[in-house]
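First the structure, in the form of structure tokens, and then the observations on it.
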Amino acid sequence: MSYKRLSALLKVLSDSSRLEILDLLSCSELCACDLLEHFQFSQPTLSHHMKSLVDHELVNTRKNGNKRMYQLNHAILDDINQSLNMINTSNQHCVCKNMKSGEC
């Protein structure tokens with residue numbers, strides 16, 4: 001994952017309400033009405049958060065009748081975790097290994 005993509009995803013994740021939404025979705029697929037029960041904000045505010053999560057592929061959505069169902073995208077969260085772990089550990093993928101000696 002590129003630094004630019006990782007940075008964009010981390011910006012989305014930096015909102016505490018969005019993190020809480022992801023936590024709720026980690027239990028099961030939920031509709032907006034189920035999510036809204038857990039928060040003290042309006043439906044338009046929830047829609048704003050969900051749009052950001054869906055646009056950045058952190059959450060998948062599907063229509064079920066007149067409801068919109070949301071599900072956590074585990075694959076993208078695994079990619080984020082793997083990218084952060086690569087930064088946190090010393091290995092052959094380190095940016096410094098590709099630089100001339102003394103530049104790091």
Problem - Gln43 and Ser47 side chains, donor-acceptor separation under 3.5 Å - result: yes
Handout entry: Nearest-0.5 Å distance, CZ of residue Phe39 to OG of residue Ser17
Key = 6.0 Å
Handout entry: Sidechain-backbone polar pair: Ser26 side chain, Asp23 backbone, donor-acceptor under 3.5 Å
Key = yes
Exercise for the section: Applying side-chain hydrogen bond (donor to acceptor under 3.5 Å, both in side chains), name anything that partners Thr45, two or more places apart in sequence or on another chain. Expected result: Ser42
Exercise for the section: Nearest 0.5 Å please: distance from the CG atom of Leu25 over to the CG atom of Leu58. Expected result: 10.5 Å
Problem - Nearest-0.5 Å distance, NE2 of residue His48 to CG of residue Leu53 - result: 9.5 Å
Problem - Set of residues satisfying side-chain hydrogen bond (donor to acceptor under 3.5 Å, both in side chains) with respect to His49, sequence neighbours excluded - result: Arg18
Practice task
May I ask whether Met69 and Met50 are part of the same hydrophobic cluster, defined by side-chain heavy atoms of I, L, V, M, F, W, Y residues being less than 4.5 angstrom apart, directly or through others?
Solution key: no
Exercise for the section: Scan for side chain to side chain donor-acceptor pair (under 3.5 Å) pairs involving residues 62-71, sequence neighbours excluded, and state none if there are none. Expected result: Glu29-Arg62
Fill in the blank from the handout: Those residues at least two apart in sequence (or on a different chain) that pass side-chain hydrogen bond (donor to acceptor under 3.5 Å, both in side chains) with Glu57 are Arg5
Exercise for the section: Flag the pair Leu46 / Ile21 as yes when at least one side-chain heavy-atom distance between them is below 4.5 Å, and no otherwise. Expected result: yes
Exercise for the section: If a pair satisfies salt bridge (charged side-chain N to carboxylate O under 4.0 Å, His left out) and one of its residues is in residues 41-51, list it, with sequence neighbours excluded. Expected result: Lys51-Asp55
Exercise for the section: Applying side-chain hydrogen bond (donor to acceptor under 3.5 Å, both in side chains), name anything that partners Asp34, two or more places apart in sequence or on another chain. Expected result: none
Problem - Minimum side-chain heavy-atom gap Ile80-Leu84 below 4.5 Å - result: yes
Problem - Minimum side-chain heavy-atom gap Leu9-Met1 below 4.5 Å - result: yes
